[in-house]
Enquirer: 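Here it is, the structure, as structure tokens.
From a predicted model like this one, the values you see are computed outputs, not experimental measurements. Residue numbers begin at 1 in each chain, while the letters A, B, ... track the order of the sequences.
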Number of protein chains: 2
Amino acid sequence: MVVSSIFEVLALPVRQAIVERLREGPRTVGELAEGLGLSQPLASKHLRVLRDSGFVSVRAEAQRRWYELRPEPLREVDRWLEPYRWMWESRLDRLGDRLDAMAAEEDAAAAPATETATDEEKDR
Amino acid sequence: MVVSSIFEVLALPVRQAIVERLREGPRTVGELAEGLGLSQPLASKHLRVLRDSGFVSVRAEAQRRWYELRPEPLREVDRWLEPYRWMWESRLDRLGDRLDAMAAEEDAAAAPATETATDEEKDR
DNA sequence: CCATTGCATACTCCTTCGGTTATATAACGC
DNA sequence: GCGTTATATAACCGAAGGAGTATGCAATGG
């Protein structure tokens with residue numbers, strides 16, 4: 001798998017689950033497969049993707065492979081999120097960012113009612 | 001597309017690009033397609049996914065459709081990230097979380113050298 | 001009215017990728 | 001050495017979904 005976006009890796013619930021499990025500490029392939037109800041090859045495959053994208057590191061101990069979570073990619077998600085935070089954080093110290101955003105908004109038009117998947121509108 | 005994870009939506013660079021573009025304010029389908037070099041149907045399609053997953057809302061103005069970014073899903077990403085923040089933030093007020101995590105870690109084993117995609121090891 | 005504009009949707013093609021099964025490899029304990 | 005354990009990888013399959021093309025449809029403005 002050629003990872004062109006960090007989110008691609010987290011897109012699959014099963015890979016998300018592996019990451020979440022690894023929050024508790026390093027785990028072997030067998031433990032992860034067992035714990036998440038995956039076949040061993042499947043676990044290995046997903047761990048391969050996680051490894052190639054930097055989400056995990058591996059240590060060999062005898063025939064065991066200990067997989068451990070690495071901060072970098074997650075931190076990258078955090079950084080990606082940064083320019084959006086003002087949207088739900090109304091803290092004063094974010095006001096500067098907000099003003100920058102508004103300047104860029106100037107050219108956009110205005111309008112009435114809003115339509116979203118979260119309300120009833122979805123299936124008209 | 002049946003969205004089973006918020007990350008699935010952001011997985012595609014083209015959808016990421018749309019979201020980023022919408023940071024500057026509401027845009028019509030045509031503006032987005034034009035600005036990102038997409039065919040109109042393709043833009044519509046991706047906007048459909050973004051809409052169904054709550055990333056954007058739509059307002060109709062004549063034949064125009066103004067798409068606007070919504071905070072909720074992004075906020076959800078932020079919340080998902082929360083339990084991982086201690087990994088790169090060593091602030092004291094995160095120590096509590098860290099201790100919780102360590103308690104859960106107790107059962108995991110330890111080991112030597114580390115192997116990651118970000119270093120030379122990748123292609124042995 | 002009618003041509004045009006702006007957008008959504010249906011349909012098709014084709015690649016990608018997740019999952020299974022089978023096999024290779026390597027280190028272990030006896 | 002040998003069976004066993006732990007993992008990786010290859011081969012295969014099927015479904016999903018992204019992109020393109022064509023079309024439908026509504027509102028517009030002359």
Enquirer: Mind jotting down which residue pairs meet the side chain to side chain donor-acceptor pair (under 3.5 Å) criterion with at least one end in residues 7-16 of chain A? Sequence neighbours excluded, please.
Expert: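 Passing the test, one end in residues 7-16 of chain A: A/S4-A/E8, A/R15-A/H46, A/Q16-B/S5.
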Enquirer: Residues in salt bridge (Lys or Arg N to Asp or Glu O under 4.0 Å) with A/E34, at least two apart?
Expert: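 Applying salt bridge (Lys or Arg N to Asp or Glu O under 4.0 Å) to A/E34 gives none.
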Enquirer: My understanding is that only residues two or more places apart in sequence, or in another chain, count here; which of them pass side chain to side chain contact (heavy atoms under 4.5 Å, CB included) with B/I6?
Expert: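 Applying side chain to side chain contact (heavy atoms under 4.5 Å, CB included) to B/I6 gives B/F55, B/P73, B/E76, B/V77.
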Enquirer: Nucleotides 19-21 of chain D: which of its N/O atoms have a protein N/O under 3.5 Å away?
Expert:
residue	atom	partner	partner atom	Å
D/dA19	OP2	B/H46	NE2	2.8
D/dA19	N7	B/K45	NZ	2.7
D/dA19	N6	B/K45	NZ	3.0
D/dG20	O6	B/K45	NZ	3.0

Enquirer: Atom CZ of B/R48 to atom C1' of C/dC11: distance rounded to whole Å?
Expert: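 Value for this atom pair: 17 Å.
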Enquirer: Test of understanding: with side chain to side chain contact (heavy atoms under 4.5 Å, CB included), list the residues that count as partners of A/P83, not counting sequence neighbours.
Expert: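 Expected list: B/R23.
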Enquirer: When you measure from every atom of DNA chain C, which of residues 3-11 of chain A have a heavy atom less than 4.0 Å away?
Expert: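 Of all residues in residues 3-11 of chain A, none places a heavy atom under 4.0 Å from DNA chain C.
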Enquirer: Please identify each residue that fulfils side chain to side chain donor-acceptor pair (under 3.5 Å) with B/S44, with sequence neighbours left out.
Expert: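 Partners of B/S44 under the side chain to side chain donor-acceptor pair (under 3.5 Å) test: B/Q40.
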Enquirer: Under the side chain to side chain donor-acceptor pair (under 3.5 Å) rule, collect the residues that match up with A/E20, sequence neighbours excluded.
Expert: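 Side chain to side chain donor-acceptor pair (under 3.5 Å) check on A/E20 returns B/W80.
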Enquirer: What residues form a salt bridge (Lys or Arg N to Asp or Glu O under 4.0 Å) with B/E72, not counting sequence neighbours?
Expert: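 Per chain and number, B/E72 pairs via salt bridge (Lys or Arg N to Asp or Glu O under 4.0 Å) with B/R79.
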Enquirer: For the pair made of CE in B/M1 and P in C/dA10, what is the distance, rounded to whole Å?
Expert: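 Distance check: B/M1 CE to C/dA10 P gives 18 Å.
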Enquirer: Rounding to a whole Å, what distance do you find between A/L50:CG and D/dA8:P?
Expert: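 My rounded result for the distance is 12 Å.
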Enquirer: When rounded to the nearest 0.5 angstrom, what is the spacing between CG in B/L10 and CG in B/L74?
Expert: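 Between B/L10 CG and B/L74 CG, I get 7.0 Å after rounding to 0.5 Å.
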Enquirer: Report yes if the side chains of B/V19 and B/L69 come closer than 4.5 Å at any heavy-atom pair, otherwise no.
Expert: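 B/V19 reaches B/L69 side chain to side chain.
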Enquirer: Give me the distances for all protein-to-nucleotides 4-7 of chain C N/O pairs that come in under 3.5 Å?
Expert:
residue	atom	partner	partner atom	Å
C/dT5	O2	B/Q63	NE2	3.3
C/dG6	OP1	B/R64	NH2	3.3
C/dC7	OP1	B/V29	N	3.3
C/dC7	OP1	B/R65	N	3.4
C/dC7	OP2	B/G30	N	2.8

